[in-house]
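Encoded as structure tokens, the structure appears first; notes follow it.
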Amino acid sequence: MAIDVYWGSGSAYSWRVLLALEYKRLPYRSHLLQFSKQEHKSPQILALNFRGRVPIIKDGDYVCFESLAILYYLDLKYPEPPIFGRTPEEAGVIMRVICEYQSYAEEPLMKIVRAFFFRQHAGRRDELAAAMHAVASEARSIEARLSKSDWIVGESFSAADIVIFPGIQVLLRALAKPEAEELSSRFLPLEVNYPAIAAWIARVERLPGYERTYPPHWRADAGGAHRAG
Ligand SMILES: N[C@@H](CCC(=O)N[C@@H](CS)C(=O)NCC(=O)O)C(=O)O
């Protein structure tokens, strides 16, 4: 039976779930919600997630939300190919790297992303520069990992790649906005400052099914104000 997936275009958290479903080649029914129409706050969605946030999955009668929880559920329910490693040691490192990303990189990264996606950057030069500094420092440790291996942990694509990849993509999308030019010069060009991350992005983009995970409105237009980014 296909898994129902409720998601939003340009939502980094939603992107994680689509990447996992495609990697595991699981059949799913896509429900793309329009943030502009507040579809994520409809009674139907609030019944699935009282917070009215996506992603959410429904697998038969089972409902799960919070992207990391969904990844974990999918891996236990549909173990092949695994995304949390094949050994306890590998699982520990994958989870550690995810925890490090969430503890030290995600907040400053999302601060930058929201500032430019929602045009809230004016008057926040120093605050955003400090956030960029923190992100750059975390990016260096990811760069170091990827200089030694094709994937962030071990020899296979894993939940660590799945969690971090959409975050980097939304950051790059935010930094590509003309208003972000000054800030982006501290981070870009990626190929020069973070060559291993740039090569890893290209590697993820070559995974089967990747195209289906790409935020549709990023392709369709230059970024509608009503969607994320
Ligand atoms: N921690 C959650 C974050 C989910 C989240 O913040 N989703 C955003 C889209 S990127 C959302 O639904 N926002 C709508 C809202 O907050 O009203 C997860 O990992 O799934």
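This is a predicted model, so every value here is computed, not measured. Start at 1 and go down the list; that is how both ligands and their atoms are numbered.
Here's the thing with Phe35: none of its N/O atoms is less than 3.5 angstrom from an N/O atom of ligand 1. Close N/O approach between Ser11 and ligand 1 is not found [any backbone or side-chain N/O within under 3.5 Å]. Residue Lys41 places at least one N or O, backbone or side chain, under 3.5 Å from an N or O of ligand 1.
In this structure Pro166 satisfies the side-chain contact (heavy atoms from CB on, under 4.5 Å) test together with Ala12, Trp15, Arg16, Leu19, sequence neighbours excluded. Partners of Ala91 by side-chain contact (heavy atoms from CB on, under 4.5 Å), not counting sequence neighbours: none found.
With Arg51, Met110, Arg53 as candidates, the residue nearest to atom 6 (O) of ligand 1 on a non-hydrogen basis is Arg53. Taking all heavy atoms of Glu66, Gln102, Glu106, Arg16 into account, the minimum distance to atom 1 (N) of ligand 1 is reached by Glu66.
The pair Glu182-Arg125 meets the salt-bridge criterion, with a side-chain N (NZ, NE, NH1 or NH2) lying under 4.0 Å from an Asp/Glu carboxylate O. Between Glu143 and Lys148 there is no salt bridge, since no side-chain nitrogen of the basic residue lies less than 4.0 Å from a carboxylate oxygen of the acidic one.
The aromatic ring centroids of Phe187 and Tyr194 lie less than 6.0 Å from each other.
At least one heavy atom of Pro55 sits under 4.0 Å from some atom of ligand 1.
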